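Treat the numbers as computed from the prediction; the structure is a model and nothing was measured.
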Amino acid sequence: MQIGGRGPLIDDGGSGYSVGRAVLNAAYRAMDGRGPQTTLVHAAEKRLGMPLREAIPRIYAGGVAEIAGFGPLAAECAQAGDAVAREIAEDCARELALHVTAALARVPAGRLICVCSGGVFRSAYLRELFLKRIPEKRVQARFPEKPPVCGAVKTAALMNGQKDFEIREELPPCNTIN
């Protein structure tokens, strides 16, 4: 069953890209005087190693992956007390919890195992915000240590008769495999 995850142009609420985009949006709005001041400006400039005023070509050239790379700044700045970053983090947790709520509606009885993977869940802060919003009694959240592709590779190896198969290193992103 697929719920959400239809990409950045249609529906990606709670994704690293959506959080990174919100971070950059808030930082640029603050820089322009169109939004509240936020430590996200300094954090984004530190990550870039350059002023935000000069960064647009680099950000656009990097595309979705570059923008998603700003996502962790929301949790970092929120934990340091930034109200704008906290709202971005809260919105991320709400969006992710909506996915679980929709899944529960399709599974009327019993428990739901929710495998939570992706860059957003690397943040303990965001995991906690998310867990506070899901019905604990019916949902078992699991946070794998390795990306989903590692499980697929291990399963394929086991299905082909390889015993004691273990992935020792994280695989490169799929778009770099020839």
Which value, rounded to the nearest 0.5 Å, describes the distance between [X] atom [atom1] and [Y] atom [atom2]?
X: Ile88; Y: Ser18; atom1: CD1; atom2: OG; answer: 10.0 Å
X: Arg142; Y: Ser117; atom1: CZ; atom2: OG; answer: 13.0 Å
X: Leu126; Y: Leu96; atom1: CG; atom2: CG; answer: 8.5 Å
X: Leu52; Y: Ile59; atom1: CG; atom2: CD1; answer: 6.5 Å
X: Cys114; Y: Leu131; atom1: SG; atom2: CG; answer: 9.0 Å
X: Phe70; Y: Leu24; atom1: CZ; atom2: CG; answer: 5.0 Å

If you compare all heavy atoms of [X] against all heavy atoms of [Y], which two are closest, and at what distance to 0.1 Å?
X: Val19; Y: Ala74; result: CG1-CB, 3.7 Å
X: Cys116; Y: Phe130; result: SG-CE2, 3.7 Å
X: Leu40; Y: Cys77; result: CD2-SG, 3.7 Å
X: Gly4; Y: Asp11; result: CA-OD2, 3.2 Å
X: Gly71; Y: Val23; result: O-CG2, 4.5 Å
X: Ile134; Y: Ala141; result: CD1-CB, 4.3 Å

| query | Who are the ring-ring contact (aromatic ring centres under 6.0 Å, His included) partners of Phe143, not counting sequence neighbours? | reply |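 Phe143 satisfies ring-ring contact (aromatic ring centres under 6.0 Å, His included) with Phe121 only.
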
| task | Find out whether Pro144 and Val115 are in side-chain contact, i.e. whether some heavy atom of one side chain is under 4.5 Å from a heavy atom of the other. | result |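 Of all side-chain heavy-atom pairs linking Val115 with Pro144, at least one is under 4.5 Å.
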
| Arg58 side chain to Leu48 backbone, donor-acceptor under 3.5 Å |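 It does hold such a pair.
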
| task | Please confirm whether the backbone N or O of Arg21 pairs with a side-chain atom of Asn25, one donor and one acceptor, at under 3.5 Å? | result |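 No; judged by distance alone, with no hydrogens or angles, the pair does not exist.
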
| query | For Asp32, what residues pass the side chain to side chain donor-acceptor pair (under 3.5 Å) criterion, not counting sequence neighbours? | reply |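 For Asp32 the side chain to side chain donor-acceptor pair (under 3.5 Å) partners, ignoring immediate neighbours, are Arg34.
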
| request: Go through the structure and list residues passing side chain to side chain donor-acceptor pair (under 3.5 Å) with Arg138, not counting sequence neighbours. | output: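 By the side chain to side chain donor-acceptor pair (under 3.5 Å) rule, Arg138 matches no residue at all.
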
| field | salt bridge (charged side-chain N to carboxylate O under 4.0 Å, His left out) involving Arg106 - partner list, sequence neighbours excluded | value |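 Counting only residues at least two positions away or on another chain, Arg106 forms no salt bridge (charged side-chain N to carboxylate O under 4.0 Å, His left out).
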
| field | same_hphob_cluster(Val100, Leu98) at 4.5 Å side-chain heavy-atom cutoff | value |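 No, no single cluster joins them.
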
| message | When you group the ILVMFWY residues by side-chain heavy-atom contacts below 4.5 Å and let the links chain together, are Met31 and Tyr60 in the same group? | response |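 Result: yes, single cluster for both.
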
| request: Can you tell me which residue pairs pass the side-chain hydrogen bond (donor to acceptor under 3.5 Å, both in side chains) test with a partner in residues 67-88, sequence neighbours excluded? | output: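 Sorted result for residues 67-88: Thr38-Asp82, Thr39-Asp82, Glu87-Arg94.
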
| Quick one: salt bridge (Lys or Arg N to Asp or Glu O under 4.0 Å) pairs with a partner in residues 47-56, sequence neighbours left out? |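 For residues 47-56, and leaving out neighbouring residues, the salt bridge (Lys or Arg N to Asp or Glu O under 4.0 Å) pairs sorted by first residue read Arg47-Glu66.
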
